[in-house]
Amino acid sequence: MITIRNPRMGLLLIGSPRFKCLGEGTAHKTYEVRKTAEEQMILDNFREIGDVITPGIVYERQDVEKAVDLFFQEKVDCVAAVYLSWAEDFAWIRFLRDMPTVPIFFTSIVRERIDISDTNDEDEFVEFLSAGSLVGVQEASGDFRRFDRPMCKTFIGTIEQVKEELCSFAKAAMCRSQLRRSSVGLLASYNEAMWATYVDPYNLFMKAGPELHFLSVAELLDEIEMISGETLSSVTRRLKDQFQFYPNVDERKFEASVRASMALENLSEKYQLDLTVLNDIDPVLLRKVGLRPGFCPTRKESALTVVPEGDLGGGLAVYILRLISGKRANFIEPFYIINQRNCFAAGHAGPNDYTECPENVIIARDERFAKTNYKYAGAPFAWYVFPKGEKTMVHMSEKDGVFKMVCTVVEALPTRHYMASYSHGEFRHKTLSPQELFGRLVNIGVTQHYGIVEGDWTKELENLAYFMGFEFYKI
């Protein structure tokens, strides 16, 4: 199973071998000494973004061969390539030819200050050569375009500007790597009531990355039987101690819901899944299990993402937000526009991660199913109000074999618990009315499902869509 982690970046620093020994005996020493100090400055800054893999400054052909081997062995998510001055391009073109396909961030770092007044002075002349990264990046840009590798980006800026841009690039590259190593489970089938949510499993693997496993209700029932009474009691006690517990909750049905949630997690672990897409309104599930599991995750440390309604695209949106942000993400569908307050209400019934803000959780009866004849009718769930603040909202679906990603940023407003059976909240776009926002979404063509997560991650999503060949829209 995938572990949430920092980006792993290769760092390719290119210097000129013919300049290495210039400046010996000067106040600021040789070109090589100056470049080594610059290397350390870059490393210190880039390590604030993630893990940096570097072979040291590349001067000769052997250096670039070593760099390519190192980056491949360490499975870097991306490579940041920096010309430290003008340099011969034999190392660079070998890198472009031989490096396996990986996102490349090609940049020139602008110094905050340059003081060169008289290059007749050897110390200043070497500094003039040392400061010439603009020359190098221009020369190398021609090679960059001639090789025309995919997933490449160019950027020129100060170290702070480069760091900000690289951070978004590297997070997206990390997400791409993680998606290609992820596994998704569908239990037990697509949602027959919502054909618009169907996704081609082959395209899921080929174009988005994860492999897909099909789970059965029979397997879930077996896992439910294997949960011991002692283990169940430990979890139910912790949940009751941690969250408000409504008095009309049936204890027997509470235990059944927790047991089924634990079983779903155990089954997912057996298949080594990172995302489980549960068709929680599947009639076989409701008849055989008697409820829809309402407490995933039962362990805060669990990295598993669980989403409802058999929607692989919706699950992918939530999972991508989880990978990019490192935060817990939620699954919503917008319900209606609250015209008088210029906002909209959204949420979802069924499993939803409730662990990001425990004070917003009530253990409550599932009123939607309370009057049915299912075995555990009204079995409780973690009734969650999404915490207030800025949220990235993302939709994903498939059209003509291409994945579509639509994203925007909304504000989650302070909301009380009022929508029985649904984890929910009220939301407002910063500049658009709800009518304008949903007018644009409907014009693009979406389904009703979205992922949300705290913060603005639209730049990372745009980079990811570029890497993956997704059709991308930002509203």
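For this chain, numbers begin at 1 and follow the sequence in order. All heavy atoms count here, side chains included; hydrogens, waters and symmetry mates do not.
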| Taking everything shown except Arg180 itself, do over 12 heavy atoms lie less than 6.0 Å from its CZ? | no
Mind listing the side-chain donor-acceptor pairs of residues 187-194 below 3.5 Å, one per line with the distance, residues two or more places apart or on another chain?
residue : atom : partner : partner atom : Å
Tyr190  : OH   : Val199  : O            : 2.5
Asn191  : OD1  : Ala193  : N            : 3.0

Open item on the list: If we ignore hydrogens and angles and just use 3.5 Å, is the side chain of Arg149 paired with the main-chain N or O of Leu96 as donor and acceptor?
Closed with: yes
Closest heavy-atom pair, Cys407 versus Thr458, reported as atoms and distance to 0.1 Å, is SG-CG2, 3.8 Å
Quick test of your reading of the model: are Glu165 and Lys459 salt-bridged, counting only N-O distances below 4.0 Å?
yes
Among side-chain atoms of Thr197 and Glu309, is any donor-acceptor pair under 3.5 angstrom?
no
*Tell me, with the steps shown, if Met405 and Leu464 meet side-chain contact (heavy atoms from CB on, under 4.5 Å).*
CA-CA 10 Å; Met405 176 183 280; Leu464 178 65; 4.3 Å; yes
- request: Take Leu13 and Tyr83 through the test side-chain contact (heavy atoms from CB on, under 4.5 Å) and record every step on the way to the result.
  value: CA-CA 6 Å; Leu13 301 175; Tyr83 258 69; over 6 Å; no
* Asked: Can you check whether Phe427 reaches Ile452 side chain to side chain, under 4.5 Å on heavy atoms?
  -> yes
Between Phe254 and the options Tyr246, Phe295, Phe243, Phe381, the ring pair (Phe, Tyr, Trp, His ring centres under 6.0 Å) test singles out Phe295
Is the distance between the ring centroids of Tyr354 and Phe386 under 6.0 Å? no
Closest non-hydrogen atoms of Pro7 and Ala170, given as atom of the first, atom of the second and distance, are CB-O, 3.6 Å
- Query: Hey, are the side chains of Leu221 and Val289 touching, using non-hydrogen atoms and a 4.5 Å cut-off?
  - Reply: yes
Can you tell me if Thr3 uses its side chain to pair, donor with acceptor, with the backbone of Arg5 under 3.5 Å? no
Backbone N/O of Glu367 and side chain of Lys371: donor-acceptor pair under 3.5 Å: no
| request: Flag yes if more than 12 heavy atoms outside Glu333 fall under 6.0 Å of its CD atom; otherwise flag no. | output: yes
Original post:
Are Arg341 and Glu426 ion-paired here, with the side-chain N under 4.0 Å from a carboxylate O?
Top reply: yes
| query | Just by distance, with hydrogens left out, do Asp366 and Ser421 show a side-chain donor and acceptor under 3.5 Å apart? | reply | yes
> Taking the six-membered ring of Phe245, is NZ or CZ of Lys240 closer than 6.0 Å to its centre and within 45° of its axis?
Replying inline: yes
- prompt: Taking the side chain from Thr408 and the backbone from Met393, do they hold a donor-acceptor pair closer than 3.5 Å?
  reply: no
Does Leu316 reach the side chain of Asp311, with side-chain heavy atoms less than 4.5 Å apart? no
If only side-chain N and O atoms count, and only distance matters, is there a donor-acceptor pair under 3.5 Å linking Thr447 with Ser397? no
- Message: Tell me if a side-chain donor or acceptor on Thr107 pairs with a main-chain N or O of Phe155 at a distance below 3.5 Å.
- Response: yes
**Prompt:** Under a 4.0 Å N-O cut-off, is there an ion pair linking Lys163 with Glu48?
**Reply:** yes
Legend entry - Ring-ring centroid check His449 His348, cutoff 6.0 Å: yes
request  = Would you check, one step at a time, whether the test salt bridge (Lys or Arg N to Asp or Glu O under 4.0 Å) holds for Lys207 with Glu398?
outcome  = CA-CA 11 Å; Lys207 298 180 179 180; Glu398 187 187 2; 6.0 Å; no
Requested in this report: Please check if atom CZ in Arg252 has more than 12 non-hydrogen atoms from other residues, nucleotides or ligands closer than 6.0 Å.
Outcome: yes
- So, does Tyr319 use its side chain to make a donor-acceptor pair with the main chain of Leu179 at under 3.5 Å? no
Quiz question: by atom type and distance under 3.5 Å, do the side chains of Glu219 and Ser216 form a donor-acceptor pair?
yes
Centroid-to-centroid, Tyr473 to His395, below 6.0 Å? no
*Can any side-chain N or O of Asn6 pair as donor or acceptor with the backbone N or O of Asp51 at less than 3.5 Å?*
no
Practice task
Would you please say whether a donor-acceptor pair under 3.5 Å links the side chains of Glu255 and Thr236?
Solution key: no
When every non-hydrogen atom of Asp280 is compared with those of Ala349, the smallest separation belongs to OD2-O, 4.2 Å
ask   = Are more than 12 heavy atoms from other residues, nucleotides or ligands located less than 6.0 Å from atom OH of Tyr202?
value = no
Test of ring centre spacing under 6.0 Å for Trp92 and Phe106: yes
Apply salt bridge (Lys or Arg N to Asp or Glu O under 4.0 Å) to residues Glu454 and Arg328 and explain how you reach the verdict.
CA-CA 8 Å; Glu454 179 186 355; Arg328 298 289 185 172; over 6 Å; no
Full working for side-chain contact (heavy atoms from CB on, under 4.5 Å) between Trp457 and Ser325: CA-CA 7 Å; Trp457 302 96; Ser325 69; 3.5 Å; yes
More than 12 heavy atoms of other groups within 6.0 Å of Phe205 CZ
no
- When you look at NZ of Lys153, are more than 12 heavy atoms from neighbouring residues, nucleotides or ligands closer to it than 6.0 Å? yes
Margin query: In the structure I gave you, are the side-chain heavy atoms of Arg292 and Pro308 within less than 4.5 Å of one another anywhere?
Written below: no
Classify the angle between the aromatic ring planes of Trp383 and His424 as parallel (below 30°), tilted (30 to 60°) or perpendicular (above 60°).
tilted
Checklist entry - Got more than 12 heavy atoms from elsewhere within 6.0 Å of CD, Glu359? => result yes
In this structure, CG of Leu413 is separated from OG1 of Thr415 (nearest 0.5 Å) by 6.0 Å
Checking ring pair (Phe, Tyr, Trp, His ring centres under 6.0 Å) for the pair Phe403/Phe472: CA distance, chi angles, key distance, verdict? CA-CA 9 Å; Phe403 279 92; Phe472 180 78; over 10 Å; no
Ala260 and Leu291 have their tightest heavy-atom pair at CB-CD1, 3.7 Å
Under 3.5 Å, which donor-acceptor pairs do the side chains of residues 434-446 form with other protein atoms, sequence neighbours left out?
residue : atom : partner : partner atom : Å
Gln435  : NE2  : Asn339  : OD1          : 2.8
Glu436  : OE1  : Ser433  : N            : 2.9
Glu436  : OE1  : Ser433  : OG           : 3.3

Salt bridge check, Lys388 against Glu411: does any charged N sit closer than 4.0 Å to a carboxylate O?
no
Test of ring centre spacing under 6.0 Å for Tyr422 and Tyr384:
no
Donor-acceptor pair, side chain of Thr392 and main chain of Val453, under 3.5 angstrom
no
- Query: Between the side chains of Thr231 and Ser234, does any donor sit under 3.5 Å from an acceptor?
  - Reply: no
Do the side chain of Gln161 and the main chain of Thr158 share a donor and acceptor less than 3.5 angstrom apart? yes
Between Pro100 and Val68, the two heavy atoms sitting closest are CD-CG1, 4.2 Å
For Lys171, is there an ion pair with Asp77 - N to carboxylate O distance below 4.0 angstrom? no
Test item: Arg259 side-chain N/O and Leu232 main-chain N/O as donor-acceptor pair under 3.5 Å: no
Side chain to side chain contact (heavy atoms under 4.5 Å, CB included) test vs Val306 passes for just one of Leu264, Asn352, Asp353, Val318, namely Leu264
On a heavy-atom basis, the closest approach of Val102 and Cys78 is CG2-CA, 3.7 Å
